[in-house]
Student: 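Take a look at this one; I'll ask things after.
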Amino acid sequence: MKDETIGIQGLAFHEPLLFEQGSQGRRGCSLPENDVPEVKPERLLPKKLLRHDIPGFPELSEVEVVRHFTRLSQWNYGVDLGFYPLGSCTMKYSPKINEEVWKLPGFSRAHPYQPESLAQGALELMFELEQYLAEVSGMDRVSLQPAAGAHGELLGMMLIRAYLESKGSPRKRVLVPDSAHGTNPASAAICGYQCVQIKSGPRGYVEPQAVAEAMDEDVAAIMVTNPNTLGLFEEQIAEIAKIVHSKGGQVYCDGANLNAIIGISRPGDTGIDVLHFNLHKTFSVPHGGGGPGAGPVGLKAHLAPFMPVPVVEKKGKRFVLNYNLPSSVGKVRAFYGHFAALVRAYAYIRSLGPSGLRRVAEVSVINANYLMSQLKSHYHLPYDKFCKHECVFSDARQIPYDVHTLDIAKRLMDYGFHPPTIYFPLIVRGALMIEPTETESRETLDQFIAAMKRIAEEAERDPELVRSAPHKTKVSRLDEVKAARQPNLRWKGKAPGQGGSSAG
Amino acid sequence: MKDETIGIQGLAFHEPLLFEQGSQGRRGCSLPENDVPEVKPERLLPKKLLRHDIPGFPELSEVEVVRHFTRLSQWNYGVDLGFYPLGSCTMKYSPKINEEVWKLPGFSRAHPYQPESLAQGALELMFELEQYLAEVSGMDRVSLQPAAGAHGELLGMMLIRAYLESKGSPRKRVLVPDSAHGTNPASAAICGYQCVQIKSGPRGYVEPQAVAEAMDEDVAAIMVTNPNTLGLFEEQIAEIAKIVHSKGGQVYCDGANLNAIIGISRPGDTGIDVLHFNLHKTFSVPHGGGGPGAGPVGLKAHLAPFMPVPVVEKKGKRFVLNYNLPSSVGKVRAFYGHFAALVRAYAYIRSLGPSGLRRVAEVSVINANYLMSQLKSHYHLPYDKFCKHECVFSDARQIPYDVHTLDIAKRLMDYGFHPPTIYFPLIVRGALMIEPTETESRETLDQFIAAMKRIAEEAERDPELVRSAPHKTKVSRLDEVKAARQPNLRWKGKAPGQGGSSAG
Amino acid sequence: MQYIPNTEADCRAMLDVIGVRSSEELFADIPSKLRLKRGLNLAPPLSEAGLWKHMRALASKNADVDQYSSFLGAGAYNHFLPAAVSHLVFRAEFYTAYTPYQPEISQGTLQAIYEYQTLICQLTGMEVGNASMYDGSSALAEALLMAHRINGRQEVVMPLAVHPEYRMVCQTYAGKLGLRLHDVPSTDRGTTDLKEVKAALSDRTCCVVVQSPNFFGALEMLDEIAEAAHGAGALLVVAVAEAVSFGIVKSPGECGADIVVGEGQSFGNHLNFGGPYLGFFATKEAYIRSMPGRLVGQTEDKAGRTGYVLTLSTREQHIRRDKATSNICTNVGLCALAATVHLALLGRSGLRELALLNLRKTAYAKAAISKLRGYEVRFSGPTFNEFVVRSKKRTPAQVNRALLAKKIIGGLELGRFYPDLSDCLLICVTEQNSREEIDALCKAMGGGR
Amino acid sequence: MQYIPNTEADCRAMLDVIGVRSSEELFADIPSKLRLKRGLNLAPPLSEAGLWKHMRALASKNADVDQYSSFLGAGAYNHFLPAAVSHLVFRAEFYTAYTPYQPEISQGTLQAIYEYQTLICQLTGMEVGNASMYDGSSALAEALLMAHRINGRQEVVMPLAVHPEYRMVCQTYAGKLGLRLHDVPSTDRGTTDLKEVKAALSDRTCCVVVQSPNFFGALEMLDEIAEAAHGAGALLVVAVAEAVSFGIVKSPGECGADIVVGEGQSFGNHLNFGGPYLGFFATKEAYIRSMPGRLVGQTEDKAGRTGYVLTLSTREQHIRRDKATSNICTNVGLCALAATVHLALLGRSGLRELALLNLRKTAYAKAAISKLRGYEVRFSGPTFNEFVVRSKKRTPAQVNRALLAKKIIGGLELGRFYPDLSDCLLICVTEQNSREEIDALCKAMGGGR
Ligand SMILES: Cc1ncc(COP(=O)(O)O)c(C=O)c1O
Ligand SMILES: Cc1ncc(COP(=O)(O)O)c(C=O)c1O
């Protein structure tokens with residue numbers, strides 16, 4: 001592999017939209033026989049409610065549909081194809097066995113309202129998973145309902161709000177560090193809070209000083225991310241928590257970066273009142289190209305009365321769903337959460353066990369520091385200290401050649417890698433946020449390091465080559481301005497061999 | 001799609017051999033706990049039989065193995081990616097549901113020697129499938145044992161040999177038309193017969209005349225392929241059979257091309273004594289990149305006593321395996337055949353039913369004749385009459401530009417198509433044997449026709465472009481001479497981080 | 001550890017390069033009082049074979065709709081999923097990718113979402129649809145917030161015939177921003193009482209919510225409610241929990257809806273004991289910029305080739321932060337892909353036939369049950385694939401217990417959500433329920449009379 | 001028809017282009033007396049949902065090794081298959097491709113076969129391996145034909161300890177070319193009697209066949225047999241039915257084998273009620289050109305890039321026709337791929353550990369059963385994961401019936417193949433059999449004494 005780059009070119013396939021293919025009367029599936037009387041729909045529904053056709057709807061055979069999506073899939077990059085160091089997203093490899101277990105009919109074909117007596121396996125799994133997540137995070141209870149991290153943040157803020165209301169007033173403001181992920185302020189806002197930004201200190205940490213100045217009896221909570229989005233562990237988290245608690249506020253922890261400290265430090269032991277997990281990050285649930293994930297929320301005992309219903313409880317040998325929580329905030333979604341994602345996370349925890357999970361943290365941190373130590377020589381490292389799960393560089397040393405973070409990211413594709421997260425966190429200008437995770441081998445990291453170094457050299461020698469990247473992908477850089485200026489968000493053409501237009 | 005060709009280029013990934021990756025001590029799977037005493041192997045096996053290590057064996061984690069084969073897979077072309085008109089191979093689309101049914105634990109996790117009482121479902125399926133195949137082919141019995149078409153040919157010749165032996169003498173020779181697939185003479189030879197080649201007539205058929213001349217009491221059988229490898233139905237098959245039978249010979253039919261006549265004409269009604277099916281052609285079993293398929297053999301009643309054991313029989317409501325056939329030829333493989341392939345074929349027949357199967361023949365023949373009618377204008381068509389499942393062109397009109405069949409085949413790849421079968425049948429110089437099958441849409445055929453016409457034009461305008469094709473694939477033309485002259489059939493290098501060499 | 005490539009030796013070598021003696025040094029920044037001094041108290045690791053055995057055992061403690069004949073719906077529907085769906089959706093290139101932030105290597109996901117957005121527009125009869133919301137209930141809650149952003153009003157008319165869990169979720173969300181929900185009862189047709197809707201309307205009304213088919217399976221007269229809502233300057237938000245109905249029921253867009261949301265689980269997604277499902281969200285072009293969620297748009301690359309990108313993200317949290325139209329980030333992309341594949345397989349004629357099958361089988365069951373002694377169909381309005389049955393003799397719980405004995409999972413006992421319907425069951429019939437199953441249901445309900 | 005894209009209308013349009021009135025005209029060349037005048041007499045078509053239901057019902061009439069604890073081996077072994085295997089093998093690009101005739105678009109299959117060939121060489125200790133044969137039994141038969149091609153001799157020494165079905169297949173093949181098989185009995189160690197082998201050897205002996213571990217699970221002394229065979233100018237053909245043994249047992253290559261064949265089902269392939277399995281075939285470089293089957297070789301493209309092609313095909317039927325080294329064409333490529341993936345996952349340490357697990361569990365079972373009253377271990381020789389038990393009181397059939405009552409599938413009743421062993425069972429123990437299962441087996445065998 002020395003001189004050979006991983007990124008090469010091969011045969012791919014042009015594939016038009018579903019709507020531009022097929023012909024009238026084709027169909028890609030067969031339906032069960034109709035074994036009841038062939039009553040005319042007019043006899044079953046009022047004329048004015050009847051729909052007769054959906055012009056423009058696809059008409060394809062099974063083979064056409066299969067080829068369509070098989071071809072499309074090959075235009076994608078995934079963890080199973082290569083290194084995906086998307087900072088803050090923890091794109092680790094998802095064990096294949098987990099994709100088998102959730103599909104077991106007893107899980108995937110179970111109805112949420114089937115009798116509890118016929119759902120004991122599912123309830124047991126949720127009950128156990130809550131225990132596991134509580135132990136891992138040092139929290140007292142965990143709600144499995146939230147569908148994703150941001151959803152967990154929202155629930156977390158709702159719990160805090162309900163708790164404070166029970167103490168007299170929901171309060172008005174929430175403190176959010178400038179290094180926080182955008183979902184933090186957005187979640188606080190939806191929960192009816194004003195956001196106050198806390199400036200990170202020169203060393204990249206949230207400073208107790210700054211928190212103390214912003215903290216008062218109108219502040220409901222602070223939302224800290226730990227380890228933070230610079231990949232640093234907030235050393236003063238305990239002091240910060242003390243300050244906030246002293247004024248009656250609550251401490252929320254964005255647990256997106258738990259991967260770095262799992263088995264080593266527990267947010268619950270650092271003064272955190274509420275946190276969310278991203279099972280699609282730390283616990284290997286595959287991200288699915290944009291979800292579904294799951295964002296369970298861990299909480300301390302004083303917030304338990306406000307948990308969304310139902311909660312799973314164990315009565316003797318039986319597991320039951322308890323809806324009877326008088327002070328509950330209610331529900332943030334129907335049913336119980338992303339159960340199929342919970343099954344995967346449960347399976348993941350059961351396969352790794354205590355030692356395996358700790359090893360996850362160790363190796364992910366070793367991998368991140370290894371990358372950092374090797375890339376320092378070619379890229380500007382704004383905060384030069386040992387990191388946790390990720391390291392954040394910037395394009396400062398390439399800007400003189402008019403090569404920017406975006407260009408570096410695109411050029412990485414030609415070398416066969418997915419780019420890191422870029423331009424986040426906002427406090428680093430032109431940030432390149434690199435999270436290798438524990439599932440990458442040293443050789444893969446070395447290949448990535450070699451590519452990054454070569455790109456740094458190209459930036460000096462042949463900047464245009466980098467600015468015009470990517471060169472090996474199916475399409476080159478896309479015109480995002482055009483996309484936003486003249487939004488084309490749906491197909492409106494005319495279907496082959498169909499009469500009507502696509503107007504539904 | 002008008003001006004756009006389907007073939008484009010996209011990002012692919014370089015991937016070295018399994019043996020060139022990983023590092024010492026890595027492993028891609030976990031094994032069940034050892035719950036019995038940890039006895040030293042030296043105490044269980046004689047020292048001289050003990051093996052201590054396999055130097056050079058792979059050492060990879062699960063993620064490395066998954067990426068390896070996922071990347072490799074993307075270098076392949078498959079039916080699910082596009083048109084695969086490999087003549088004589090019937091590369092039709094394989095229904096996805098069939099890939100689910102054979103995996104059902106009751107089929108995939110059943111042991112061949114488990115008690116018959118615990119295998120009734122499997123036996124019922126085999127019993128039914130034999131009936132279905134007999135009905136489709138017009139034969140009396142079917143042996144499901146052969147693993148592939150050639151294996152079926154061998155069994156077929158063995159049956160004929162055993163039958164003739166029972167009549168006094170196995171005889172010496174077998175007649176094989178010059179248009180036959182190479183497996184025909186090879187199978188006859190392994191069965192101890194000399195092959196006599198029968199020259200096809202000027203119209204592409206086996207002529208009764210020629211058969212009559214070659215036929216005598218030393219000839220055991222004739223092996224005809226019907227429809228034949230030119231895609232033509234042997235109009236005189238009945239006469240040919242009469243001639244062979246009149247001299248006490250048997251008629252074998254290579255049924256590889258059954259797709260064209262299924263539900264329309266049955267070999268058993270045309271004088272055939274034995275034939276083989278290719279379930280991986282006609283009955284949608286996916287070819288698997290080189291198998292496994294299945295090549296059941298249909299036979300007439302007079303050959304039934306010689307069938308390989310066991311045969312599945314129905315006793316009252318129970319299905320049983322009968323090993324008691326005194327004149328059986330024996331066995332051509334262990335156990336009962338490629339059961340998982342039989343399950344798919346059974347499922348396929350059950351989903352299409354009588355009308356669906358007939359439609360398969362009709363549409364496959366319409367598709368083939370459509371292609372033929374459209375390509376005549378640009379390619380030489382040696383036998384210009386309506387074809388069945390496939391049509392055979394030649395490079396005669398491109399040779400003047402020093403562009404050959406191989407070049408045309410390679411150039412098709414750049415347009416996103418798999419090439420047809422080339423240089424077979426041998427009776428057509430530079431043959432291009434095109435079999436579209438019924439699972440291709442008219443639009444796909446039109447795209448292929450457009451590509452073929454463009455290549456014919458390129459051959460005149462810019463022959464070098466065609467001769468140097470393919471241009472869009474991961475690798476260009478490979479040096480087959482080098483491969484044969486200096487065979488390198490296994491990796492012999494040194495494994496990364498391993499002491500030993502790869503010497504097993 | 002098969003999931004962690006680097007061995008002890010690999011790690012040692014890397015630590016040497018980093019220049020530390022042990023990984024401990026890399027964690028030195030975590031104050032020791034914040035360290036966990038013990039191992040985690042979790043079950044010991046299982047081998048893959050051990051895990052597989054354990055999970056099979058757990059799963060076997062649950063009923064699944066392959067072993068039982070089930071008549072449960074109520075927001076989660078048992079439809080047949082063609083095998084091709086999971087074969088395609090679980091192509092590693094799809095399910096092991098992240099949100100398509102880098103379009104040049106995410107065109108597969110992006111084109112598929114663009115196709116999904118189009119299908120949602122076609123089904124709902126709306127002009128724009130987003131890339132997905134968490135589920136039907138949260139999509140509805142987000143619709144209320146969006147309506148509030150559009151006209152700033154505070155009151156929401158919320159019929160009792162909307163899925164009770166959806167109503168709870170709306171309540172949970174809306175409260176924080178001071179939105180107030182007004183319940184509206186249903187008539188004996190099982191549909192929302194138009195008079196009451198009109199009575200509840202005022203110039204403070206932000207929007208009127210309707211679910212159709214509603215929780216009782218009945219089809220609402222959307223056009224009339226739209227007229228009333230618009231008359232008061234309020235928006236009409238339509239929720240659809242059973243998306244198969246789109247195949248035979250006039251689209252909300254044609255009836256005047258301003259926002260259409262709902263649950264797409266019926267297409268491509270398993271029951272999964274409640275999730276993940278698929279929240280869809282569609283509206284009019286005029287409202288795009290108030291819309292929550294991701295949007296994919298078509299554009300061109302430098303060579304003029306068609307391509308797709310995430311667009312209009314200035315609405316979103318990663319740019320707008322606390323001014324965003326929503327906090328949603330990770331959504332349910334793969335569920336949307338599954339729906340896209342399933343809808344592509346069904347196609348124009350298949351979707352209609354599927355809807356018709358559900359309609360007919362339900363009508364058959366409804367007629368059969370209405371003939372049973374001891375039961376009556378509770379509401380008179382037209383229904384799609386669900387209807388409410390009143391049990392005059394035995395309690396719904398007794399009825400269901402009797403059914404279970406016959407390996408039949410009966411309807412939802414409505415008392416859990418509607419005290420006044422505590423003698424009622426919500427029965428759902430889909431293409432998965434054969435006529436024999438329906439007849440067996442009636443037999444078992446009839447109690448062998 | 002969802003599998004046939006072209007509709008009636010499409011076909012009409014194409015027929016017009018072709019210039020015929022109906023498809024009938026395209027079949028006009030088939031003499032009407034050869035036409036089928038009726039529809040096929042087959043079951044009517046099933047919908048996908050109907051088929052799925054039907055197939056589940058059929059499958060449920062079979063026992064599977066997940067529901068029963070099974071001690072059956074005898075050439076088909078119950079090993080755990082990691083989930084990654086089927087996820088990779090059933091990537092559409094692999095399983096919907098044909099034999100890699102066009103290397104530029106088949107590099108995935110070709111490189112994988114090259115890797116497979118290498119693994120087979122490493123396991124067997126031989127110099128070259130082919131791309132696969134149908135199964136172990138046909139691979140052995142082809143080995144005899146190959147040996148005959150090499151030295152032209154006619155006699156084969158065939159121990160009775162070789163799998164009886166393999167022996168049948170060899171008989172079926174060999175007879176036609178006039179090869180004669182000489183049976184050789186076993187000693188009380190359960191291994192082939194070397195004296196008898198030597199007695200059977202002559203200058204007419206083409207080859208000596210040995211299976212190790214043999215059908216009784218016993219390990220043969222290959223080196224001694226090799227010496228005897230070579231002494232008579234005959235070739236040594238070694239068959240291995242349980243390939244997991246390669247992980248802990250010295251390779252046949254190291255013991256002097258000239259041809260090594262066998263069954264690779266244990267790696268990557270399910271039991272599948274007997275097939276498809278994986279025949280492997282390896283030999284010495286000197287014999288390459290007499291070898292049957294496909295071979296993949298490494299080479300370069302015009303740009304000097306490494307690539308792989310099918311090579312040495314002048315041995316094969318499509319070139320050599322009736323002079324070919326074999327008639328094999330379609331083999332079992334996908335089964336070979338599955339084995340390659342499974343072996344890559346197991347790796348150097350995993351394969352050894354797996355073999356050790358099988359060895360130890362079998363030793364544990366053997367010791368436990370030898371202590372049971374009414375039973376004895378029939379042979380004294382060292383075994384891998386199978387051994388023969390003699391039942392002194394009850395017939396093997398009675399024993400197995402008793403076991404079935406406890407959901408245990410017992411060992412193979414040897415009487416079906418060996419009249420003189422009609423009181424014996426062949427018991428197989430793998431990593432899939434937990435200690436509890438083995439103890440339960442003993443308890444059930446002991447008949448609760
Ligand atoms: C630090 C952080 N917080 C919150 C989120 C939001 O999580 P989700 O996308 O699951 O809603 C993310 C996701 O990227 C994140 O990186
Ligand atoms: C006409 C014909 N006969 C026989 C065969 C051999 O069949 P198989 O490859 O299944 O052994 C083939 C396969 O290509 C064929 O096309």
Side-chain angles (χ1 to χ4, degrees), chain A residues 27-29 35-36 51 57 65 69 72-73 75-80 101 104-106 108-112 118 120-121 147-148 150 182 185-187 189 192 195 287-292 330-331 334-336 338-340 353-354 362 370 373 441-442 473 475-476 478-479 483 488 490-491 504, chain C residues 5 10 14 18 23 39-40 45 55 58-59 61-64 72 82 88 91-93 96-97 99 104-105 107-109 118 122 125 134 137 165 168 172 176 250 270 272-276 297-299 301-302 307 311 317-318 321-322 324 327 329-334 344-345 348 350 364 435:
Chain A
R27 185 191 289 189
C29 67
D35 50 7
V36 299
R51 182 177 212 169
F57 220 66
V65 173
F69 290 101
L72 260 57
S73 74
W75 304 341
N76 262 14
Y77 192 103
V79 172
D80 282 9
V101 295
L104 285 164
S108 62
R109 317 263 299 120
H111 192 286
L118 298 181
Q120 287 295 300
S187 302
C195 294
H287 196 275
K331 287 184 78 60
F335 311 119
Y336 324 117
H338 283 179
F339 180 75
E362 278 168 9
Y370 181 73
S373 69
S441 71
R442 182 186 172 198
T473 51
V475 292
S476 58
L478 290 148
D479 185 343
N488 171 347
R490 62 170 291 193
W491 173 82
Chain C
D10 293 322
M14 294 168 79
I18 296 168
S23 60
L40 288 169
M55 298 304 280
L58 261 185
K61 295 184 194 169
N62 303 325
D64 66 73
L72 277 175
L88 295 168
R91 296 257 320 157
E93 298 90 329
T96 72
T99 305
E104 298 86 350
I105 48 175
Q107 284 298 300
T109 297
T118 302
Q122 293 174 326
Y134 301 135
S137 66
E165 296 209 21
M168 276 180 86
T172 307
K176 317 292 168 291
K250 176 171 284 173
H270 286 290
N272 290 332
F273 199 60
Q298 192 184 62
T299 183
D301 76 354
K302 290 197 266 125
T311 189
Q317 35 71 23
H318 57 279
R321 300 182 73 85
D322 56 338
N327 67 331
C329 182
T330 294
N331 41 81
V332 293
L334 205 68
L345 289 165
R348 191 183 188 187
Y364 174 82
R435 180 183 196 145

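Letters A, B, ... are given to chains in the order of the sequence lines, protein chains preceding strands, and every chain is numbered from 1.
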Student: Please examine the side chains of Gln107(C) and Asn76(A), heavy atoms only from C-beta on, and report whether any two atoms are closer than 4.5 Å.
Tutor: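 No - every pair of side-chain heavy atoms lies 4.5 Å or more apart.
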Student: Indicate the atoms forming the closest heavy-atom contact of Arg51(A) with Gln122(C), along with that distance.
Tutor: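 Result for this residue pair: NH2-O, 2.8 Å.
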Student: Report yes if the side chains of Ser73(A) and Leu88(C) come closer than 4.5 Å at any heavy-atom pair, otherwise no.
Tutor: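 No, their side chains stay 4.5 Å or more apart.
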Student: For a quick test of reading the model, state the closest non-hydrogen atom pair linking Val332(C) to His338(A) and the distance between them.
Tutor: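 In this case the closest contact between Val332(C) and His338(A) is CG1-CE1, 3.7 Å.
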Student: Say you draw a straight line from OH of Tyr77(A) to OG1 of Thr96(C); how long is it, rounded to the nearest 0.5 Å?
Tutor: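 Nearest 0.5 Å value for the OH-OG1 distance: 9.5 Å.
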Student: Can you tell me how far the NZ atom of Lys331(A) sits from the OG1 atom of Thr172(C), to the nearest 0.5 Å?
Tutor: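 Here the interatomic distance stands at 8.5 Å.
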Student: Which bit of Thr99(C) is near chain A, if near means a heavy-atom gap under 4.5 Å: side chain, backbone, both or neither?
Tutor: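 Contact with chain A is through both the backbone and side chain of Thr99(C).
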Student: Who among Cys329(C), Ala92(C), Gly350(C), Pro276(C) has the most heavy-atom pairs with chain A under 4.5 Å?
Tutor: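 Most heavy-atom pairs under 4.5 Å with chain A: Pro276(C).
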Student: Between Gln317(C) and Ala186(A), which heavy-atom pair has the shortest distance, and what is it?
Tutor: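 So the two residues come closest at CB-CB, 3.6 Å.
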Student: Is a side-chain donor-acceptor pair under 3.5 Å present for Asp479(A) with Thr299(C)?
Tutor: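 No, no side-chain donor-acceptor pair sits under 3.5 Å.
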Student: Could you pull out all residues at least two apart from His287(A) that satisfy ring-ring contact (aromatic ring centres under 6.0 Å, His included)?
Tutor: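 His280(A), Tyr98(C).
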Student: Rounded to the nearest 0.5 Å, what's the gap from NZ on Lys61(C) to CD on Gln120(A)? Could you check?
Tutor: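 Atom-to-atom, Lys61(C):NZ and Gln120(A):CD are 8.0 Å apart.
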Student: Which heavy atom of Thr330(C) sits nearest to which heavy atom of Gly291(A), and what is that distance?
Tutor: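 So the two residues come closest at CG2-CA, 3.6 Å.
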Student: Of the backbone (N, CA, C, O) and the side chain (C-beta and beyond), which part of Tyr134(C) lies under 4.5 Å from a heavy atom of chain A, both, or neither?
Tutor: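 Both parts, backbone and side chain.
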Student: Which heavy atom of Phe339(A) sits nearest a heavy atom of Phe273(C), and at what distance?
Tutor: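 It is CD2-CB, 3.6 Å.
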Student: Supply the atom-to-atom distance Asn272(C) CG to Phe335(A) CZ, rounded to the nearest 0.5 angstrom.
Tutor: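 Separation between the atoms: 11.5 Å.
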Student: What is the minimum heavy-atom distance between Gly106(A) and Asn62(C), and which atoms define it?
Tutor: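 Taking every non-hydrogen atom into account, O-ND2, 2.9 Å.
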Student: Distance from Arg27(A) atom CZ to Arg348(C) atom CZ, nearest 0.5 Å?
Tutor: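 CZ of Arg348(C) is found 12.5 Å from CZ of Arg27(A).
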Student: Does the side chain of Asp301(C) come under 3.5 Å of the side chain of Ser476(A) through a donor N or O and an acceptor N or O?
Tutor: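 Asp301(C) vs Ser476(A): donor-acceptor pair found between side chains.
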Student: Side chain, backbone, both or neither: which part of Ile18(C) has a heavy atom under 4.5 Å from chain A?
Tutor: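 Both backbone and side chain.
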Student: For Ala334(A), give me all partners under side chain to side chain contact (heavy atoms under 4.5 Å, CB included), at least two apart in sequence or on another chain.
Tutor: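 Side chain to side chain contact (heavy atoms under 4.5 Å, CB included) check on Ala334(A) returns Asp135(C), Ser137(C), Glu165(C), Tyr166(C).
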